[in-house]
Amino acid sequence: MPLAVVHHPAYCAEIPADHRFPMNKFRRLAEVLVEEGIVAAGSYRQPAPAPAEWVSRAHERAYVDQVFAAAVPSGIAREIGLPMSEAVGFRARCAPAGTVLTAMLALENGIACNTAGGSHHARRAHGAGFCVFNDVAVAIRVLMADGAIRRAMVVDLDVHQGDGTAEILAGTPSVFTLSMHARRNYPVRKVASTLDIALEDGLGDAAYLDELRRALPQALQSFRPDIVFYNAGVDPHGDDRLGRLALSDEGLEARERFVIATVRRAGIPLAGVIGGGYLEDINRLARRHAILHRVAAEFA
Ligand SMILES: [Zn+2]
């Protein structure tokens, strides 16, 4: 069966061309997946933009309304690091809806991937670090309210700590948050996940994969979630602008294969989101994000 992949054209919102956030990677990734034959042309699953009621399950209503109305206070906009226009606000409604849809498709088919998502720095009351709404936290809350899942695990392998996810889901014993990240990287003040694995700068493929092999199977076995949300950020790569680790493309591929195989062999559905990745070369960056979808397709 072909891998179910979720995409919305609004994932790539208009921002100034010289902006440091690589917005065009979302458009290019959707093209690359078709070029590589992972997704048949015209077969992307497109979400409807999330209503405020969904987003408010993970965020304060006042902040949700500010984003929807393109009226985010300048201090918060600065912390997010994106121009909080109507287009960026609309994008922020589509990404969590995409992760909700991805999770529903994963529950149905065993595995599905978004072409965005992993906005793990967004807190309950405000966004931060290029993250407006926390799509994974929204999806977990929406699916739980719906009765579709009772227990969820977040496996966050973006190189930055999943502080927003940890904050929003703290005190929810039915959610296990795992963050493996570079200790010295953003955010300066980290928020405790259920399990944090803080790595030293310059860590390469072998040592990184060892850490993952030590942690993931055991966490899965003891917690037994109904679904895993996998944040496959590619910013642990050695040439990433914002990473501090030293993984290669082959290391990332081995990582995706290990995570997906471990989760799927345990009979647990996996919803993949792309997370961070920062390169000037958008084509190379999009191809790097596509590793997730290419490996996931082996398990579809
Ligand atoms: Zn990151």
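All ligand and atom numbering here is 1-based and tracks the order in the structure.
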Checking distances from the Zn ion (ligand 1), one finds that the N, O or S atom of D235 closest to it is OD2
The Zn ion (ligand 1) has as its nearest N, O or S atom from D158 the atom OD1
Residues M1 and A300: closest non-hydrogen pair is O-CB, 3.4 Å
All heavy atoms of G117 vs all of D135, minimum pair found to be CA-OD2, 3.2 Å
Which of V138, V142, L101 passes side chain to side chain contact (heavy atoms under 4.5 Å, CB included) with P96? Answer is V138
Would you say E256's side chain and A296's backbone share a donor-acceptor pair under 3.5 angstrom?
no
**Item:** Under 2.8 Å: N/O/S of H160 next to the Zn ion (ligand 1)
**Value:** yes
